Amino acid sequence: MPAATPSTPPAARRDTYTPESLLAVAVRVFNERGYDGTSMEHLSKAAGISKSSIYHHVRGKEELLRRAISRALDGLFAILDEPAANRGRAIERVEHVTRRTTEVLMAELPYVTLLLRVRGNTSTERWAIQRRRDFDQRVAELLNDAAAEGDLRPDVDARLATRLLFGMINSIVEWYRPERAGTAHATSDEVADAVVATAFAGLRT
C-alpha cells in the first residue's frame, strides 16, 4: 500500500501568498464585516495564514486599508490625465470622465466599494474622504466650464449636478455583479452607456 502523500506544510502556503492576494482578501473581509469590525484575527483566518505572516507584508490593517483605497483613487485620478479628459469642449470632457469613472468603478468594484464606505474614523479614512472631494471638485469645474461654453443647462448648479451624477454612479456598487454580466444582465459597457445617456440628456442644453 503506497504511503499517504503528506499535506502541504503551512510554510509552503505562506510562500505562495503575495501582497496582492493578501490585499484582495483584506478588501473582501473589510467589505463584508466593515473596517472597524475587522480584526487581524479575522484577516488571518480569511487568508489562511498566521498573523505574523501578515505583518511580514504590512504594519497592520490600516496599511491594508490605505493600499486598497489608494488603488481605487489612483484609478479615478488617472482618468483626469487621459487625453479625452483634457481636450475638446468641456461637455465632451465631462462625459468622458463620467463614462470612465463608471468603467473604473466596475473594473475595481471591491476597492471602490471600500472607498465609498469609509467614514472618517481614522487618518487614512479622512485622507480618502478629502481625496474624493478633490476629485468631485475637478468634475464640478468641468461642469462649470461646460455651462460657460453654453452646453450645460444654466439652471442647474454645477456642484449639485456633480453630487447627483456621482450619486447615480456610486449606486452601482449596490447592485452590479460582474459575474452576472452577459445575456441576462447588463454588461459594463451597457451600464456606462446608460449612465452617460441618462445623466446628460437632462444636463445638456
Side-chain angles (χ1 to χ4, degrees), residues 20 23-35 65 67-119 128-129 131-147 151-153 156-205:
E20 267 310 296
L23 185 62
V25 170
V27 170
R28 174 173 58 80
V29 178
F30 289 156
N31 283 332
E32 289 173 354
R33 301 185 60 90
Y35 176 72
L65 177 68
R67 288 187 183 186
I69 289 174
S70 293
R71 175 166 165 167
L73 287 167
D74 288 349
L76 292 173
F77 274 91
I79 295 168
L80 301 177
D81 293 327
E82 293 175 355
N86 290 281
R87 64 189 180 203
R89 295 186 70 83
I91 192 68
E92 295 168 352
R93 287 184 279 143
V94 76
E95 283 188 2
H96 173 79
V97 170
T98 299
R99 177 181 296 281
R100 292 287 293 121
T101 299
T102 305
E103 292 171 348
V104 167
L105 182 149
M106 290 185 286
E108 301 286 357
L109 189 64
Y111 298 88
V112 178
T113 299
L114 182 61
L115 170 64
L116 296 176
R117 291 179 178 173
V118 298
R119 294 293 177 265
I129 289 171
R131 291 289 284 160
R132 280 180 57 190
R133 288 173 180 161
D134 293 343
F135 185 82
D136 290 353
Q137 177 60 33
R138 294 281 296 277
V139 177
E141 289 170 1
L142 278 176
L143 287 168
N144 273 323
D145 290 344
D151 293 323
L152 193 70
R153 287 176 49 172
V156 178
D157 177 75
R159 288 187 177 274
L160 176 59
T162 303
R163 290 178 179 176
L164 293 172
L165 189 59
F166 283 107
M168 177 168 56
I169 295 171
N170 295 343
S171 71
I172 294 171
V173 304
E174 303 300 332
W175 56 265
Y176 179 72
R177 297 296 176 265
E179 68 275 8
R180 299 177 187 171
T183 55
H185 298 273
T187 64
S188 59
D189 285 343
E190 289 170 337
V191 174
D193 287 344
V195 168
V196 172
T198 301
F200 290 94
L203 288 174
R204 275 183 177 268
T205 51

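Owing to the predicted nature of the structure, the values given are computational and were not obtained by experimental measurement. Values below: all heavy atoms of this structure, side chains included; hydrogens, waters and symmetry mates excluded.
Of all heavy-atom pairs spanning A199 and M168, the tightest one is CB-CE, 3.6 Å. Shortest non-hydrogen contact noted between A140 and A158 is O-CB, 3.8 Å. Shortest non-hydrogen contact noted between N86 and D81 is ND2-C, 3.6 Å. Heavy atoms only, all atoms of each residue included: V27 and Y111 are closest at CG2-CE2, 3.5 Å. Between A146 and A90 the shortest heavy-atom distance is N-CB, 3.4 Å. When all heavy atoms of R119 and I129 are compared, the pair lying nearest together is C-CD1, 3.9 Å.
For E95 and R204, the salt-bridge test passes: some basic side-chain N is under 4.0 Å from an acidic carboxylate O.
Shown are N144, D145, L143; of these, the side chain to side chain contact (heavy atoms under 4.5 Å, CB included) with L152 is made only by L143.
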CA sep, side-chain torsions, deciding dist, call: L80, F135, side-chain contact (heavy atoms from CB on, under 4.5 Å): CA-CA 9 Å; L80 301 177; F135 185 82; 3.8 Å; yes

Go through R71 and E20 one step at a time and tell me if the salt bridge (charged side-chain N to carboxylate O under 4.0 Å, His left out) criterion holds. CA-CA 11 Å; R71 175 166 165 167; E20 267 310 296; 3.0 Å; yes

Hey, mind stepping through V112 and I172 against side-chain contact (heavy atoms from CB on, under 4.5 Å) and telling me if it holds? CA-CA 10 Å; V112 178; I172 294 171; over 6 Å; no

Checking L164 against L160 for the side-chain contact (heavy atoms from CB on, under 4.5 Å) test, could you report, in this order, the C-alpha distance in whole Å, the side-chain angles of both residues, the deciding distance, and whether it holds? CA-CA 6 Å; L164 293 172; L160 176 59; 4.0 Å; yes

Go through the steps for L76 and L115 under the test side-chain contact (heavy atoms from CB on, under 4.5 Å), then give the verdict. CA-CA 11 Å; L76 292 173; L115 170 64; 4.1 Å; yes

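Once rounded to the nearest 0.5 Å, the distance linking CG of D74 with CD1 of I69 reads 11.5 Å. The line from CZ of R89 to CG of D151 is 4.0 Å long, rounded to the nearest 0.5 Å. The line from CD of E103 to OG1 of T98 is 11.0 Å long, rounded to the nearest 0.5 Å. The line from CZ of R177 to CE of M106 is 13.0 Å long, rounded to the nearest 0.5 Å. The structure places OG of S171 at 10.0 Å from CG of L116, a figure rounded to the nearest 0.5 Å. Note that OH of Y176 and OG1 of T102 are 11.0 Å apart. Values are rounded to the nearest 0.5 Å.
The 12-atom threshold is exceeded at CZ of R117, counting heavy atoms of other residues, nucleotides or ligands nearer than 6.0 Å.
Figure legend: R131 and F77 shown as a cation-pi pair, the cationic atom lying under 6.0 angstrom from the six-membered ring centre and within 45 degrees of its axis.
Side-chain contact between Q137 and R159 is present, with heavy atoms from C-beta onward closer than 4.5 Å.
Proximity of a side-chain donor or acceptor of D136 to a complementary backbone N or O of T162 within less than 3.5 Å is not detected.
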